Student: 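Let me begin by handing over the structure; questions about it come next.
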Amino acid sequence: MARLNTPRVALLGTLRRDSSPRISPVEPCITEGQLLIGAMAWSTKTADLRRDPRYVLHSAVTDPDSGEGELKLSGAAVEVGQDYRGGGAEPWWSAWPPDKAVVFSLGIEQAVFVEWDIERGLMMVHRWSPQDGYTQSSRPYP
């Protein structure tokens, strides 16, 4: 959660009409246990997710030498209604009418967290999916 809340910006990957990838900055928000993102109704990001709901979300990396972890989520996005437009954190889209800003809930089909131990030169990978549950692996780097 810290990897999404600290920088408050993450990178969302979607698929364009021709199936080529598109990457867009988003401000994820968690409301009532739902991972939400907002998008302007006219945006290509919205068109992408309405056409093909598959996504990948990657936490922002603010410094390559900091050792901060990387969160990578993937799954399918679902457009949500008025119930999730607000929320405790007051996301930016709460100030916009539904015809101007669309809200998507990101279903998580796989989660990966990469943890960097810079002092020991160790990369630890934590993976979760509904099918395989939780696994962990590590390896030295570089």
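Quantities reported herein were computed from a predicted structural model and do not represent experimental measurements.
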Student: With the side chain counted from C-beta on, respond yes when H58 and I23 share a heavy-atom pair under 4.5 Å apart, and no when they do not.
Tutor: no

Student: Same hydrophobic cluster for V80 and M40, using side-chain heavy-atom links shorter than 4.5 Å among ILVMFWY?
Tutor: yes

Student: For the atom pair CG (L73) and OG (S59), what is the distance rounded to the nearest 0.5 Å?
Tutor: 8.5 Å

Student: Would you name the heavy atoms of E68 and W116 that are closest together and state the gap between them?
Tutor: O-CD1, 3.4 Å

Student: Could you tell me which non-hydrogen atom of A41 sits nearest to which non-hydrogen atom of T46, and how far apart they are?
Tutor: O-CG2, 3.7 Å

Student: So how far is it from M123 CE to S137 OG, rounded to the nearest 0.5 Å?
Tutor: 6.5 Å

Student: Quick one: pull up CG in L15 and OG in S20 and give me the separation to the nearest 0.5 Å.
Tutor: 8.0 Å

Student: Is there a side-chain contact between L12 and L49, using heavy atoms and a 4.5 Å cut-off?
Tutor: yes

Student: Just one of R54, R16, R22 clears the salt bridge (Lys or Arg N to Asp or Glu O under 4.0 Å) bar with D48, so which one?
Tutor: R22

Student: Nearest 0.5 Å, what's the CD1-NZ distance between I37 and K45?
Tutor: 6.5 Å

Student: Could you list the donor-acceptor pairs under 3.5 angstrom formed between side-chain atoms of residues 107-115 and any protein atom two or more places apart in sequence or on another chain?
Tutor:
residue: E115; atom: OE1; partner: H126; partner atom: NE2; Å: 2.8

Student: What distance separates W128 CH2 from Q131 CD, expressed to the nearest 0.5 Å?
Tutor: 8.0 Å

Student: Could you state whether V102 and I30 fall into the same hydrophobic cluster, counting links through intermediate Ile, Leu, Val, Met, Phe, Trp or Tyr residues with side-chain heavy atoms under 4.5 angstrom apart?
Tutor: yes

Student: Closer than 3.5 angstrom, by distance alone: can the side chain of S105 be matched with the main-chain N or O of V78 as a donor-acceptor pair?
Tutor: no

Student: Give a yes or no answer on whether the side chain of E27 reaches the backbone of W92 with a donor-acceptor pair at less than 3.5 Å.
Tutor: no

Student: Return the minimal non-hydrogen interatomic distance between Y55 and A76, and the atom names on each side.
Tutor: CE2-N, 3.4 Å

Student: For S66 versus I118, what's the shortest heavy-atom pair and its separation?
Tutor: C-CD1, 3.7 Å

Student: Measure the shortest side-chain to side-chain distance between L36 and W93 over non-hydrogen atoms and say whether it is less than 4.5 angstrom.
Tutor: yes

Student: In Å, rounded to the nearest 0.5 Å, how long is the span from OG1 of T44 to CZ of R51?
Tutor: 9.0 Å

Student: Measure the shortest side-chain to side-chain distance between D117 and M124 over non-hydrogen atoms and say whether it is less than 4.5 angstrom.
Tutor: no

